[in-house]
*Asks:* 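Mind looking over this structure? Questions follow.
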Number of protein chains: 2
Amino acid sequence: MVKAHPALLVEESDIECLLGYNLKRAYMIVRDDYRKQVEQSVLSPRAFSVLTLIVESSGLTQSAVARQLGIERSGLVAIIDDLEARGLAERRAVPGDRRAQALMATEAGHDLHAQILARVHAHERALLASLDPAEQAQLLTLLRKFRSAHERDEAQ
Amino acid sequence: MVKAHPALLVEESDIECLLGYNLKRAYMIVRDDYRKQVEQSVLSPRAFSVLTLIVESSGLTQSAVARQLGIERSGLVAIIDDLEARGLAERRAVPGDRRAQALMATEAGHDLHAQILARVHAHERALLASLDPAEQAQLLTLLRKFRSAHERDEAQ
DNA sequence: CAGATATTGTTACATTAGTAAACAGTATTG
DNA sequence: CAATACTGTTTACTAATGTAACAATATCTG
């Protein structure tokens with residue numbers, strides 16, 4: 001019943017087979033590397049994802065961004081404040097709706113985004129080098145398939 | 001619009017193709033579901049992983065557990081305190097080393113672990129139902145392969 | 001053997017992320 | 001018009017995570 005094995009590396013432990021545990025550990029690896037390679041200079045993972053979104057589809061409202069990223073509107077405020085203070089993005093009035101703010105990346109925002117994106121691609125490419133190309137594609141595909149199956153209800 | 005760096009081929013939608021982003025979103029889904037299905041009554045994901053480890057290999061030291069789980073020793077103290085206060089685990093003196101504490105799950109600890117593990121398996125099975133069995137296995141395999149390629153250096 | 005160096009569990013502190021609730025202003029709906 | 005829902009925002013609260021130091025103990029090195 002009770003295993004009294006000497007301390008060896010657990011390869012077949014219960015948690016090692018759990019999806020949640022593996023996702024978290026894998027994410028930690030990527031996040032730590034991102035911090036080492038990219039963030040020290042500029043943007044947190046969150047801020048980068050926000051900037052990416054408004055670079056790609058200019059004019060999105062704050063609520064729309066929060067919804068797409070799965071974060072709270074309240075959490076977005078500080079991020080936008082920061083991006084705006086650094087001259088990377090702007091809030092602009094929305095013609096039809098006086099509540100909403102449309103988000104636009106500035107010239108500097110576009111530049112920085114392109115620059116960070118290149119670094120992110122490099123760092124992910126390096127991390128993924130441990131998998132062969134087919135496996136890399138499959139991992140991404142499976143993660144996105146998993147996500148899309150579950151982000152329907154809560155996403156909006 | 002002008003890129004500061006030589007333009008790479010931009011694949012599809014930017015963040016959706018990033019490993020880190022997909023890992024985080026996927027983990028969020030699993031964690032939120034865990035909280036709904038399991039935690040509300042008892043153990044946080046972390047505490048559960050700790051309990052699992054000391055149930056599986058009794059006598060592990062706190063440092064060993066922290067190392068294996070990739071968390072800080074300092075973060076473990078409160079978790080062990082809590083497990084001990086609930087009568088789920090114990091700290092015991094280690095014969096050879098008067099600094100270390102050996103961790104053992106109590107009878108109640110074993111029971112609760114088995115009970116939670118069953119619930120965790122059920123909740124993961126439900127979440128993974130969106131993938132076919134081959135895909136489920138592949139996702140787990142790829143995540144573990146990715147982890148094992150990167151947890152060598154920092155693991156100790 | 002002694003002194004330097006490492007390791008163990010622990011505490012304290014800072015930083016952050018994420019949650020939750022409420023707010024005024026505005027839009028929408030019936 | 002009244003009720004309801006949505007926008008951005010503020011505030012507070014919890015929980016997580018990282019950092020640094022500490023005393024006690026162990027190990028290593030010369």
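Values below: all heavy atoms of this structure, side chains included; hydrogens, waters and symmetry mates excluded. Every chain is numbered from 1, with letters handed out A, B, ... down the list of sequences.
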*Asks:* Once you measure the plane-to-plane angle for A/F48 and A/Y34, does it fall in the parallel (<30°), tilted (30-60°) or perpendicular (>60°) bin?
*Replies:* tilted

*Asks:* Salt bridge or not between A/K36 and A/D32? Use side-chain N to carboxylate O under 4.0 Å.
*Replies:* no

*Asks:* Distance check needed: D/dT7 C1' versus A/R99 CZ, whole Å only.
*Replies:* 5 Å

*Asks:* Give A/R98 one of three labels, base, sugar-phosphate or nothing, depending on what nucleic acid heavy atoms sit under 4.0 Å from its own.
*Replies:* sugar-phosphate

*Asks:* Starting at atom CD of B/Q101, determine the distance to atom P of C/dT7, rounded to an integer number of angstrom.
*Replies:* 19 Å

*Asks:* Provide, to the nearest angstrom, the distance between the CG atom belonging to A/L76 and the C1' atom belonging to D/dT7.
*Replies:* 12 Å

*Asks:* Can you find an N or O donor on one side and an acceptor on the other, under 3.5 Å apart, linking the side chain of B/R73 with the base of C/dG9?
*Replies:* yes

*Asks:* Quick one: closest heavy-atom pair of A/L131 and A/Q136, and the distance?
*Replies:* O-NE2, 2.8 Å

*Asks:* Between A/R35 and C/dT15, is there a contact of a side-chain N or O with OP1 or OP2 at under 4.0 Å?
*Replies:* no

*Asks:* Specify the separation, in whole Å, of atom CG of B/L103 and atom P of C/dT8.
*Replies:* 13 Å

*Asks:* B/D81 has an atom CG; how far is it from atom P of C/dT10, in whole Å?
*Replies:* 7 Å

*Asks:* Check the distance between C/dT10's P and B/I79's CD1 and give it to me in whole angstrom.
*Replies:* 13 Å

*Asks:* Report which part of the nucleic acid B/G96 touches: base, sugar-phosphate, or nothing (heavy-atom distance under 4.0 Å, all strands).
*Replies:* sugar-phosphate

*Asks:* Let me know the distance between CG of A/L69 and P of C/dA17, rounded to the nearest Å.
*Replies:* 14 Å

*Asks:* Atom CD1 of B/I29 and atom CG of B/D33: how far apart are they, to the nearest 0.5 Å?
*Replies:* 9.5 Å

*Asks:* So, are B/R25 and B/E16 salt-bridged, with charged N and O less than 4.0 Å apart?
*Replies:* no

*Asks:* Does A/S74 get its side chain close enough to the base of C/dA20, under 3.5 Å, for a donor-acceptor pair?
*Replies:* yes

*Asks:* Where each residue is assigned the nucleotide of DNA chain D containing its nearest heavy atom, which of A/S63 and B/I71 is assigned the position nearer the 5′ end?
*Replies:* A/S63

*Asks:* Nearest whole angstrom, please: distance from the C1' of D/dA21 to the CD of B/E72.
*Replies:* 14 Å

*Asks:* Which residue lies toward the 5' end of DNA chain D, A/A100 or B/R46, if each is placed at its nearest nucleotide?
*Replies:* A/A100

*Asks:* Do any side-chain nitrogens or oxygens of B/R91 fall under 4.0 Å of OP1 or OP2 in C/dT10?
*Replies:* yes

*Asks:* Counting side-chain heavy atoms from CB outward, which of D/dT19, C/dT11, D/dT7 is closest to B/V77?
*Replies:* C/dT11

*Asks:* For C/dG18 and B/K24 - does any side-chain N or O of the residue sit under 4.0 Å from the phosphate oxygens OP1/OP2?
*Replies:* yes

*Asks:* For a quick test of reading the model: is some side-chain N or O of A/R31 closer than 4.0 Å to OP1 or OP2 of D/dG18?
*Replies:* yes

*Asks:* So, is B/Q62 near the phosphate of C/dT10, with a side-chain N or O under 4.0 Å from OP1 or OP2?
*Replies:* yes

